[in-house]
Amino acid sequence: MPYEPPTHRVERSLRATTGAKVVAGVDEVGRGAWAGPVTVCAAVTGLRRPPEGLTDSKLLTPRRREHLAHELGGWVTAHSLGHSSPEEIDAWGMTAALRMAAVRALEGLPLRPDAVILDGKHDYLGRPWRVRTVIKGDQTCVAVAAASVLAKVRRDAMMAELGESHADFAFADNAGYPSPVHRAALEEFGPTPYHRLSWAYMDGLRRWQHLKKIRTDPVEQIGLF
DNA sequence: AACAATCCAAGAACGAAGTT
DNA sequence: AACTTCGTTCTTGGATTGTT
């Protein structure tokens with residue numbers, strides 16, 4: 001697949017068709033994780049050429065991502081981060097939590113955007129925001145790509161910090177996502193205050209903890225998690 | 001008409017294999 | 001030795017298609 005760098009096309013189109021003067025690109029990270037917040041970044045960019053190599057954060061190695069995030073800090077016109085906590089995700093569900101995090105990010109900008117470019121096909125933001133959804137927007141729109149890198153680097157750093165007090169879970173490596181080390185720690189110690197308790201994996205955990213009480217044969221426990 | 005299953009989109013880690 | 005790519009694994013949830 002040939003590498004196509006992201007462009008200002010959607011931003012320009014939004015300015016032309018809606019008269020928007022300030023356009024923000026929005027992207028989220030931490031959606032499928034078992035622990036930690038869901039984080040959203042809103043980024044407003046000018047029309048200058050973006051830093052070399054800018055694209056979807058998922059396509060970048062950690063080193064390049066961090067280097068790029070540093071450059072982006074000076075390149076974007078403005079950017080702002082918003083979070084929703086695990087408690088909020090449990091209470092409201094992912095879509096509402098995502099919306100809250102996005103609103104926090106957008107309202108943290110020094111000026112209110114006239115239009116928003118959302119990554120994906122679903123508009124989880126809705127009124128009163130003027131939203132344009134773009135599938136694979138983090139690979140095609142500079143503002144969304146910038147937001148994806150800034151959000152990812154920030155959340156990874158936050159998870160590394162949380163990990164210091166819960167070393168067995170290795171949050172610095174897995175960012176709260178299910179990994180063998182993470183699973184093993186969960187089985188042994190149970191969830192931390194940073195875990196999303198409403199999620200499906202908890203069924204397995206409760207079942208496992210229940211069985212642990214009534215039977216100790218380790219062979220019987222295999223495959224329950 | 002109501003419910004269930006599937007598809008697609010988003011988020012990501014990780015290990016193996018291939019490439020520089 | 002250090003990167004890159006690929007395939008597999010996990011999650012939620014909206015939209016669509018299929019079945020009763």
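Throughout, protein chains are lettered first and strands after them, A, B, ... in sequence-line order, and every chain is numbered starting at 1.
For the side-chain hydrogen bond (donor to acceptor under 3.5 Å, both in side chains) condition, no pair includes a residue of residues 72-82 of chain A, sequence neighbours left out.
Looking at residues two or more places apart in sequence or on another chain, you find a salt bridge (charged side-chain N to carboxylate O under 4.0 Å, His left out) between A:Glu52 and A:Arg49. Every residue two or more places apart in sequence or in another chain was checked for a salt bridge (charged side-chain N to carboxylate O under 4.0 Å, His left out) with A:Arg12, and none qualifies. Checked against side-chain hydrogen bond (donor to acceptor under 3.5 Å, both in side chains), A:Thr133 has no partners two or more places apart in sequence or in another chain. For A:Arg65, the salt bridge (charged side-chain N to carboxylate O under 4.0 Å, His left out) criterion is met by A:Asp156, not counting sequence neighbours.
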Let me have the donor-acceptor pairs involving side chains of residues 92-101 of chain A, under 3.5 Å, with sequence neighbours excluded, atom names and distances please.
from    : atom 1 : to       : atom 2 : distance (Å)
A:Arg99 : NE     : A:Leu125 : O      : 2.6
A:Arg99 : NH2    : A:Leu125 : O      : 3.2
A:Arg99 : NH2    : A:Arg127 : O      : 3.0

With a cut-off of 3.5 Å and sequence neighbours excluded, list every side-chain donor-acceptor pair involving residues 107-118 of chain A.
from     : atom 1 : to      : atom 2 : distance (Å)
A:Asp114 : OD2    : A:Lys21 : N      : 2.7
A:Asp114 : OD2    : A:Val22 : N      : 2.8

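First and last contacting nucleotides of DNA chain C toward chain A (any atom under 4.0 angstrom from a heavy atom, 5' to 3' order): C:dC3 to C:dG14.
Taking every heavy atom of residues 59-68 of chain A and every atom of DNA chain C, pairs under 4.0 Å involve A:Thr61, A:Arg63, A:Arg64, by number. Near DNA chain B, meaning a heavy atom under 4.0 Å from it, residues 92-101 of chain A has no residue at all.
Helix bend of the helix from B:dA1-C:dT20 to B:dT20-C:dA1: the angle between its two end axes, each built from five pairs, comes to 30° after rounding to 10°.
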Using a 4.0 Å heavy-atom cut-off, write out nucleotides 4-12 of chain B from 5' to 3' as B (base contacted by protein), S (sugar-phosphate only) or - (no contact).
-----BBBS

